Visitor: 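Could you have a look at this structure, given as structure tokens, before my questions?
One-based numbering, in listed order, for ligands and for the atoms of each. Note that the coordinates shown come from a computational prediction; the quantities given were computed from them, not determined experimentally.
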Amino acid sequence: MSTVTKGISMLIMSVLILGLLVMIVLGFMLGFSHPLPWILIAVLIVIPIIHDKLIATRFVTWQDSYSVGIDSIDTDHKKLLGLINQLQSAAHYKTDDQMIEDILNQLIDYTQYHFTREEGLMKECDYPDFDAHKQQHEDMIKQVTKYVDEYRVDKTRTIEDVAVYLKTWLVNHINGTDQKYTPYMKGKVQ
Ligand SMILES: [Fe+2]
């Protein structure tokens, strides 16, 4: 969502809440026993709850089912998910650009460090699908670099797009590609 789109959606939300408040006041003119204003109050209460739930879907929480059975890799994945959440928070709360840059740099550096470690362990175990797995890592780094370059050129492009891409990619990669090596590597490497 771009900054402009976010501004428009906030404006729509404000107009909606204001409209509801006016309708509630008018509704009470029909009498306190009339159901309309009470229904509108319920709608007014539910809107921020739905809004918060939608925001929460942008963040990611570690699940035990994400484990690949190797402690060092699980630790890396938890750290990466934590950094993605930090990026999402920074984007959502409009933190200053320098903080976003710092988190982005940490994310890129740690992702590269993690891929190198994971690829080293796969090699150590003669993992048969090594080449295809490494290719996925390379494609991901290319895609993220492209997003980040675009963001740096045009700051109005929100960083939330990058955070959502990273979250989706990492969760899918862990639960798909990474977990395929578990039977070949679990118990052989730490
Ligand atoms: Fe991987």
Visitor: So H34 and M29, do their side chains get closer than 4.5 Å, heavy atoms only?
Guide: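 Of all side-chain heavy-atom pairs linking H34 with M29, none is under 4.5 Å.
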Visitor: Could you count the protein N, O or S atoms found under 2.8 Å away from the Fe ion (ligand 1)?
Guide: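 Atoms of protein N, O or S type lying less than 2.8 Å from the Fe ion (ligand 1) total 5.
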Visitor: Examine distances only and state if a side-chain atom of N105 and a backbone atom of E101 form a donor-acceptor pair shorter than 3.5 Å.
Guide: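 Yes, the answer is positive, given that a donor and an acceptor are paired below the 3.5 Å cut-off.
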Visitor: Can E138 and K142 be counted as an ion pair, charged N to O under 4.0 angstrom?
Guide: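 Here E138 does not pair with K142 in a salt bridge, since their nearest N and O are not under 4.0 Å apart.
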Visitor: Is any NZ, NE, NH1 or NH2 atom of the basic residue among R117 and D76 found under 4.0 Å from an Asp or Glu carboxylate oxygen of the other?
Guide: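 Here R117 pairs with D76 in a salt bridge, since their nearest N and O are under 4.0 Å apart.
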Visitor: With no hydrogens and no angle check, is any side-chain donor or acceptor of K188 less than 3.5 Å from a backbone partner on Y184?
Guide: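 At least one qualifying donor-acceptor pair exists.
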Visitor: Between Y181 and E118, what is the shortest heavy-atom contact and its length?
Guide: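 Closest approach of Y181 to E118: OH-OE2, 2.7 Å.
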